[in-house]
Amino acid sequence: MRLNLSQQQAVEFVSGPCLVLAGAGSGKTRVIINKIAYLIKVKEYQPKHIFAVTFTNKAAREMKERITHSLGRQETRGLKISTFHTLGLDIIRKEYKQVGIKSNFSLFDDHDQFALLKELTEQWFDGDKELINQLRSCISNWKNDLVDSTLAMAKAQGKKEQLFAHCYKLYEQQQKSCGILDFDDLILLPTLLLKNNETVREKWQNRVRYLLVDEYQDTNTSQYELIKLLVGHRAKFTVVGDDDQSIYSWRGARPQNLVLLNQDFPNLNVIKLEQNYRSSGRILKAANILIENNPHLFSKTLHSELGYGEYINVLSANNEEDEAEKVVNHLIGHRFANNARYGDYAILYRGNHQSRLIEKMLMQGRIPYKISGGTSFFSRIEIKDIMAYLRLLVNLDDDNAFIRVINTPKREIGPATLQKLGELAGTRSLSLFKTAFDGELTEILSAKRLTSLQGFVEWFNQLSQQAQHDPMSAVYELLQGIDYESWMYETSSSPTAAQMRMKNVEQLITWLDDMLKGNDIDEPYTLEDAVARFTLRDMLERNENEDEQDEVQLMTLHASKGLEFPYVYLIGMAEGLLPHQTSIDEENIEEERRLAYVGITRAQRVLTLSYSRERKQFGESSQLEPSRFLFELPQDDLNWSNGRQQPTAEQRFEHGKSRLALIKAQLAKARNKSD
DNA sequence: GCTTACATTGTTTTT
DNA sequence: CAATGTAAGC
């Protein structure tokens, strides 16, 4: 497909820093793909010197697919396309000695992190969920701003912050002694390393000869710092972003980084992409009008040449079940009338839980569907169990994994025994696993407990030795040794359920095997690497005909960013759901509006919005208003399902009132700033 | 130490 | 209404 003038410019400008402001559907992925191809084919870059970074695994996977499709497997060998976190992992993996950590660190997901913090803060917070989460986001913010615990303690103001900083210190110490990294460390550590170590910095700057960053508006401070360190003075990079699609501010994303770029690189070449190739005129118009309600860092006007297109449907329902049914029925009818594929449809929602009812209806209708982005696979108990075993296999000092694993299946080691072991471990400042060999245990544990504990620990120790030279055989022996299959038959409600769960485990093992063998990728992963990548959910989907499969796509709005579908359903367009209640309370409507904007602009041909007037919550039902965003859309382009149910005069009035309040608030904000 | 029955608690989004 | 945590019984 041919490129338009601005796209062409964006592709061919490779001599310095380049910012591409790419509106929704303006072909930014096409620009990135073509630019990579251009760098390889015309500028004769070696693929291994080109790095492209995205924010989600899905985006990375899709980009990888498209580039291999267009250039061929051979031509793209060595090309690095990954998420920020995977890139960070790669750097740490290669430079672990310089970072000052063991090669077999384990990676904590947020669940592990919570558990550890809960334990560390027991004496102060007494397991208070709210406080622990506050602490967690506080630590995360510190890490994102490149502040270590010592600095945090020095800078802390007030009692609470000092306590938090103290907890941060404890957390950091625990991380060091158990060899544990969290997600933020994957960015923080490489950034600090490159900042402080000139040799390593030069080495990586020499590796990363061209850097491309997708969804740049989602970068946080440390990620931007990492970018600057990687590109160095050569400053050969392209970042692509759109401030209207910034939907991650809650996790530290700074869309202002778009502006900072201009200051940090005065010779920055800024290119705007304003031609939309995705959506019908009507959908684009609706999106533009919606987002007009927000303030902007950069102004841009998207236009489409695809024709005006069909009306935007609005389905009204009395309750959520009714809504799910209407959506699915609409989909079935539409597919039949248009002779379309199921795979052409996407159903998008704000929160993961909203997929449940839709799933139920789709199942009843025997419609194939696929939920992506959701945590389902990795939140399955059997997968968590096996993952914990694998993590312990890689890093015997991973206490969280140890605790999860020690009594699954039952080994007669319960809380009491664990408590005693934990106390001894505390005084020795050793991991639980190492403490299990301590001679003093004979005095505090009964002979029976001791034999079962030591039996396990010795067996597992030998297993981890074996894993050093032959990981797969150790894994198979592990599965056999714990007799996980029988355990599942014991604990599952039915044999069929047990078989399902066993199949999940087999799937995991197959992935692991493929990763260790290096099928489909450049170099085989080590066991450590593979386990860390599982935690990041960064793996190649290898369901043979993955993209051939004809399934309705279900995902959150966040997960849908960067994707497009001919027919899109955006469900739960109701106050409290799409502007989410917490965002309404915090008066952060702008990000919710961007979220709606992202959803709307996923649609190519037909957009259908739905909401229900009632919602069942905690068993009680409550009334819902249609989302304010519905009233912000151009009403002439909407087709309300229940006849001519245009917004009532009262609703228009209410909406006008809130609009006015919003504008007043913005004015006040602007005035404060200028003072 | 494990199982069962009861009570409590809670809903954003992701690497 | 779940899913998860807690107390009492085995």
Side-chain angles (χ1 to χ4, degrees), chain A residues 53-60 82-89 107-113 118 127-130 133 137 140 143-144 181-188 215 218-220 222-223 245-253 320-321 348-357 372-375 378-379 381 406-419 445-446 448-449 452-453 490-491 532-539 555-561 572 576-586 588 591-592 594-596 598-599 615-622:
Chain A
V53 180
T54 64
F55 275 84
T56 64
N57 293 308
K58 204 176 171 60
S82 63
T83 63
F84 250 108
H85 294 265
T86 307
L87 174 62
L89 179 68
L107 190 57
F108 262 26
D109 63 21
D110 46 354
H111 193 268
D112 298 310
Q113 200 188 8
K118 185 177 173 184
D128 185 329
K129 256 183 147 177
E130 177 82 41
N133 276 322
S137 71
S140 179
K143 288 195 175 189
N144 285 334
L181 302 187
D182 60 31
F183 285 144
D184 296 323
D185 291 325
L186 294 181
I187 313 294
L188 174 70
E215 309 287 8
D218 290 335
T219 50
N220 61 34
S222 62
Q223 284 164 339
Q245 293 185 68
S246 158
I247 53 176
Y248 285 102
S249 68
W250 50 273
R251 84 173 186 205
E320 289 173 294
E321 250 193 356
L348 310 179
Y349 35 80
R350 173 77 234 255
N352 281 306
H353 65 277
Q354 289 175 275
S355 67
R356 289 180 150 258
L357 283 170
S372 57
T375 51
F378 283 87
S379 59
I381 307 156
I406 190 63
N407 215 20
T408 330
K410 301 270 178 286
R411 264 181 281 267
E412 297 184 301
I413 301 164
T417 315
L418 217 51
Q419 169 94 36
L445 290 181
S446 69
K448 195 177 165 195
R449 305 283 165 248
S452 43
L453 178 64
E490 272 169 48
T491 50
R533 275 161 195 275
F534 276 139
T535 313
L536 280 178
R537 318 237 160 110
D538 167 53
M539 59 208 104
M555 69 192 83
T556 63
L557 287 166
H558 284 88
S560 76
K561 192 160 69 150
L577 277 176
L578 189 38
H580 191 271
Q581 191 55 50
T582 38
S583 298
I584 296 174
D585 296 341
E586 291 165 13
N588 184 19
E591 180 138 324
E592 299 289 312
R594 286 192 290 264
L595 216 35
V598 166
R615 166 198 201 187
K616 264 184 269 163
Q617 209 178 192
F618 318 140
E620 293 296 293
S621 63
S622 56

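So that the names make sense, note that chain A is the first sequence line, chain B the second, and so on, each numbered from 1. The shown structure was predicted, so the numbers you read here are calculated from the model rather than taken from an experiment.
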Look for any protein N or O under 3.5 Å of an N or O in nucleotides 1-4 of chain C and output each such pair with its distance, or none.
unit_1: C:dA3; atom_1: OP1; unit_2: A:R356; atom_2: NH2; d: 3.0

| request: Please work out if A:T556 contacts a base, only the sugar-phosphate, or nothing of the nucleic acid, heavy-atom cut-off 4.0 Å. | output: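 Sugar-phosphate only.
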
Nearest-angstrom distance from the residue atom [atom1] of [X] to [atom2] of [N]:
X      : N      : atom1 : atom2 : value
A:L181 : B:dT15 : CG    : P     : 18 Å
A:M555 : B:dT13 : CE    : C1'   : 15 Å
A:D110 : B:dT13 : CG    : C1'   : 12 Å
A:K561 : B:dT15 : NZ    : P     : 12 Å
A:E591 : B:dT14 : CD    : C1'   : 12 Å
A:F534 : B:dT15 : CZ    : P     : 16 Å
A:H558 : B:dT14 : NE2   : C1'   : 8 Å
A:Y248 : B:dT14 : OH    : P     : 6 Å

Does a side-chain N or O of A:T86 approach OP1 or OP2 of B:dT15 to a distance below 4.0 Å, or not?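 For A:T86, the contact criterion (side-chain N or O under 4.0 Å from OP1 or OP2 of B:dT15) is not met.
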
Note to self: Tell me whether the side-chain N/O atoms of A:N352 come closer than 4.0 Å to OP1 or OP2 in B:dT14.
What the structure shows: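 Yes, within the criterion.
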
Under the rule for side-chain contact (heavy atoms from CB on, under 4.5 Å), what residues qualify as partners of [X], not counting sequence neighbours?
X      : value
A:R615 : A:E320, A:L577, A:Q617, A:S622, A:L624
A:V598 : A:Q245, A:I247, A:S560, A:K561, A:R602
A:S452 : A:I413

Partner set under side chain to side chain donor-acceptor pair (under 3.5 Å) for A:S249, not counting sequence neighbours: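 Per chain and number, A:S249 pairs via side chain to side chain donor-acceptor pair (under 3.5 Å) with A:E591.
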
Partner residues of A:D184 under the side chain to side chain donor-acceptor pair (under 3.5 Å) criterion, sequence neighbours left out: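 Checked A:D184 against side chain to side chain donor-acceptor pair (under 3.5 Å); matches are A:S140.
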
- Tell me, with the steps shown, if A:Y248 and A:H558 meet ring pair (Phe, Tyr, Trp, His ring centres under 6.0 Å). CA-CA 8 Å; A:Y248 285 102; A:H558 284 88; 5.2 Å; yes

**Asked** Which whole number of Å gives the distance between the P atom of C:dT4 and that of B:dT13?
**Response**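 One P to the other, the span is 15 Å.
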
Report yes or no: is the ring centroid of A:W250 under 5.5 Å from the six-membered base ring centroid of B:dT13, with the two planes under 30 degrees?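 Yes, A:W250 stacks on the base of B:dT13, since the ring centres sit under 5.5 Å apart and the planes are within 30°.
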
Quiz item: Less than 4.5 Å apart, any side-chain heavy atom of A:K143 and any of A:D182?
Solution: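 The answer is yes; the side chains approach within 4.5 Å.
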
